[in-house]
Chemist: 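Encoded as structure tokens, here's the structure I'll be asking about.
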Amino acid sequence: MKLNPAVFWALIFLTTCLIWAWFSSRLILNAPRIRDYVTPDNLKIPFEKIEFKSGRRKISGWFITSQKNTSKTIIICHGWGASKGDVLYSTFFLHQHYNLLYFDFTNHGESGGNKTSMGKYESEDMLSAVKYLKEEKPSLSAKIGVFGFSMGGVAAIYAASKDKRINAVVAESPFDSFNEITAHHAKLFLNLPRHPLVVLTILGAIIRLGHSPERYSPMRNISKVSPTAVLLLATSGDENIPVEAVKRVYEKAEEPKELVVFDSHGHGTAYIEHTDEYKKTITRFFSKNL
């Protein structure tokens, strides 16, 4: 039987779309695993290796007891394709006043899982970290703060919208919308158009995950964080997460809220280029709200 040319080319087109959707979404959902290049051992900080469950996934982390006798703990969350060690150097100054819990998100570092979800699994991991603190270290976590960088900030916002045992949130350079940041990165790094390629990428992510990552985006959830206080940090020269995206999240947030924009030149450069101001800004916020 001879195949109609129109049917043949339609099948070719459909197959091409499916292949693109699968492999382009894989670039997002299969984040590279990296080893911790900075550890508490490197910084000569006493710590405890910890593990807890997030669903069926094993989550690995570190618990650092403060130099000060305190019942307050801050959970520190890294970004996409990174690990807990990636944010250790820029945040360990907080251990002068607070206990700190670092962990690897699902499909990152030493934790289990084989997909990154850009919101759902990561917020589940964070909520599991809160549960771990309340059950295993209650005397050290009467109050809990969260610091999240980039994707970690996205997860922090969603988790705080669901669990009021989180008492304060600092989110540095969180994206505003999964759909919008996917389109932005496709244009920035590959010069690809939104239609149809980015739409197919988003569809591929939805099919592979079984849910839409957009539902966990800050623009949909930041208003529910209140009355928990939130501090949003951005850098003016960040091309990965433009300052305008963070400002849109801030505009959607309810009080109490703060926005600080650092005059820096890239994603995650605020600590490097404005170390003292960065430390003072975060310390002041947690001192006020935790």
Side-chain angles (χ1 to χ4, degrees), residues 28 31-32 34 74-94 102 105 108 116-119 122-123 125-126 145-161 166 168-189 213-214 216-222 225 229-253 257-275 277-286:
I28 301 171
I34 66 169
I74 297 175
I75 301 171
I76 311 288
C77 305
H78 63 78
W80 180 92
S83 70
K84 56 190 180 299
D86 187 61
V87 285
L88 176 61
Y89 187 76
S90 60
T91 57
F92 84 99
F93 68 89
L94 288 166
Y102 293 84
F105 279 125
H108 286 77
T116 297
S117 72
M118 304 299 288
E122 296 75 24
S123 57
D125 298 343
M126 192 173 300
V146 173
F147 170 91
F149 173 71
S150 196
M151 182 186 72
V154 171
I157 289 168
Y158 186 83
S161 76
I166 297 173
V169 176
V170 177
E172 180 179 353
S173 300
F175 60 76
D176 54 343
S177 156
F178 172 79
N179 292 350
E180 293 304 316
I181 206 62
T182 301
H184 171 73
H185 283 180
K187 184 69 175 176
L188 178 65
F189 296 115
E214 182 66 15
Y216 297 86
S217 294
M219 289 294 282
R220 292 182 175 235
N221 299 289
I222 188 69
V225 172
V230 60
L231 167 63
L232 297 173
L233 305 177
T235 55
S236 59
D238 191 344
E239 291 187 335
N240 285 13
I241 308 291
V243 64
E244 292 78 14
V246 183
K247 287 181 177 178
R248 284 192 288 271
V249 176
Y250 175 76
E251 289 165 4
K252 279 280 189 180
K257 62 180 181 177
E258 297 181 43
L259 171 67
V260 175
V261 179
F262 293 95
D263 184 18
S264 297
H265 297 91
H267 194 52
T269 59
Y271 174 81
I272 299 169
E273 298 182 13
H274 301 277
T275 304
E277 183 185 356
Y278 183 89
K279 289 180 177 180
K280 288 177 183 176
T281 299
I282 295 174
T283 300
R284 174 193 54 79
F285 176 80
F286 279 129

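Everything numeric in this text was worked out from a predicted model, so none of it was measured. Position 1 is the first residue of the sequence; numbering continues from there.
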Chemist: Minimum heavy-atom separation for Val225 to Ile157, with atom names?
Modeler: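 Of all heavy-atom pairs spanning Val225 and Ile157, the closest is CG2-O, 3.5 Å.
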
Chemist: Determine yes or no for a side-chain-to-main-chain donor-acceptor pair under 3.5 angstrom, with Glu122 supplying the side chain and Ser117 the backbone.
Modeler: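 Pair found, side chain donor or acceptor close to backbone of Ser117.
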
Chemist: Search all heavy atoms of Pro174 against all heavy atoms of Gly153 and return the closest pair with its distance.
Modeler: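 Here Pro174 and Gly153 meet closest at CB-C, 4.1 Å.
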
Chemist: Decide yes or no for His267 and Ile241: does some side-chain heavy atom of the first lie under 4.5 Å from some side-chain heavy atom of the second?
Modeler: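 When only atoms from C-beta onward are counted, Ile241 and His267 do touch, with a gap below 4.5 Å.
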
Chemist: Which residues pass the side-chain contact (heavy atoms from CB on, under 4.5 Å) test with His274, not counting sequence neighbours?
Modeler: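 Applying side-chain contact (heavy atoms from CB on, under 4.5 Å) to His274 gives Phe262, Asp263, Ser264, Glu277.
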
Chemist: If you take all heavy atoms of Phe286 and Gly145, which pair is closest and at what distance?
Modeler: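 Minimum heavy-atom contact is CE2-CA, 4.1 Å.
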
Chemist: Quick one: list whatever passes ring-ring contact (aromatic ring centres under 6.0 Å, His included) with His185, sequence neighbours left out.
Modeler: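 Expected list: Phe189.
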
Chemist: Under the rule for ring-ring contact (aromatic ring centres under 6.0 Å, His included), what residues qualify as partners of Phe175, not counting sequence neighbours?
Modeler: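 Applying ring-ring contact (aromatic ring centres under 6.0 Å, His included) to Phe175 gives none.
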
Chemist: Checking Tyr102 against Thr91: is there a side-chain donor and acceptor pair closer than 3.5 Å?
Modeler: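 Yes, Tyr102 and Thr91 have a side-chain donor paired with an acceptor closer than 3.5 Å.
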
Chemist: Can you give each donor-acceptor pair under 3.5 Å made by side-chain atoms of residues 243-253, sequence neighbours left out, with the distance rounded to 0.1 Å?
Modeler:
{"from": "Arg248", "atom 1": "NE", "to": "Asp176", "atom 2": "OD2", "distance (Å)": "2.9"}
{"from": "Arg248", "atom 1": "NH2", "to": "Asp176", "atom 2": "OD2", "distance (Å)": "3.1"}

Chemist: What are the two closest non-hydrogen atoms of Ala159 and Met126, and how far apart are they?
Modeler: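 Reported closest heavy-atom pair: CB-SD, 3.8 Å.
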
Chemist: Using side-chain heavy atoms (C-beta onward) and a distance below 4.5 Å, is Met118 in contact with Trp80?
Modeler: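 Yes, close enough: below the 4.5 Å cut-off.
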
Chemist: What are the two closest non-hydrogen atoms of Val169 and Ile166, and how far apart are they?
Modeler: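 Looking at all heavy atoms of both residues, the shortest contact is CG2-CG2, 3.9 Å.
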
Chemist: Counting C-beta onward and ignoring hydrogens, is there a side-chain heavy-atom pair between Val154 and Phe178 closer than 4.5 Å?
Modeler: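 They are not in side-chain contact.
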
Chemist: According to ring-ring contact (aromatic ring centres under 6.0 Å, His included), who are the partners of Phe105, at least two apart in sequence or on a separate chain?
Modeler: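 Phe105: ring-ring contact (aromatic ring centres under 6.0 Å, His included) contacts with His78, Phe103.
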
Chemist: If you count every heavy atom of other residues, nucleotides or ligands that lies below 6.0 Å from Tyr89 atom OH, does the total exceed 12?
Modeler: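 Count not over threshold, so no.
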
Chemist: Are any non-hydrogen side-chain atoms of Ile28 and Thr116 less than 4.5 angstrom apart?
Modeler: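 They are not in contact (no side-chain heavy atoms under 4.5 Å apart), so the answer is no.
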
Chemist: Can you give me the closest heavy-atom contact between Gly152 and Cys77, atom names plus distance?
Modeler: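 In terms of heavy atoms, the two residues are closest at CA-CB, 4.0 Å.
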
Chemist: Checking Lys187 now: which residues fulfil side-chain contact (heavy atoms from CB on, under 4.5 Å) with it, not counting sequence neighbours?
Modeler: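 Applying side-chain contact (heavy atoms from CB on, under 4.5 Å) to Lys187 gives Asn191.
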
Chemist: With no hydrogens and no angle check, is any side-chain donor or acceptor of Glu273 less than 3.5 Å from a backbone partner on Ala270?
Modeler: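 No.
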
Chemist: Is a side-chain N or O of His108 found less than 3.5 angstrom from the main chain of Gly81, in a donor-acceptor match?
Modeler: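 Between the backbone of Gly81 and the side chain of His108 there is a qualifying donor-acceptor contact (under 3.5 Å).
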
Chemist: What distance do His265 atom NE2 and Ile272 atom CD1 have between them, rounded to the nearest 0.5 Å?
Modeler: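 Between atom NE2 of His265 and atom CD1 of Ile272 there are 12.5 Å.
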
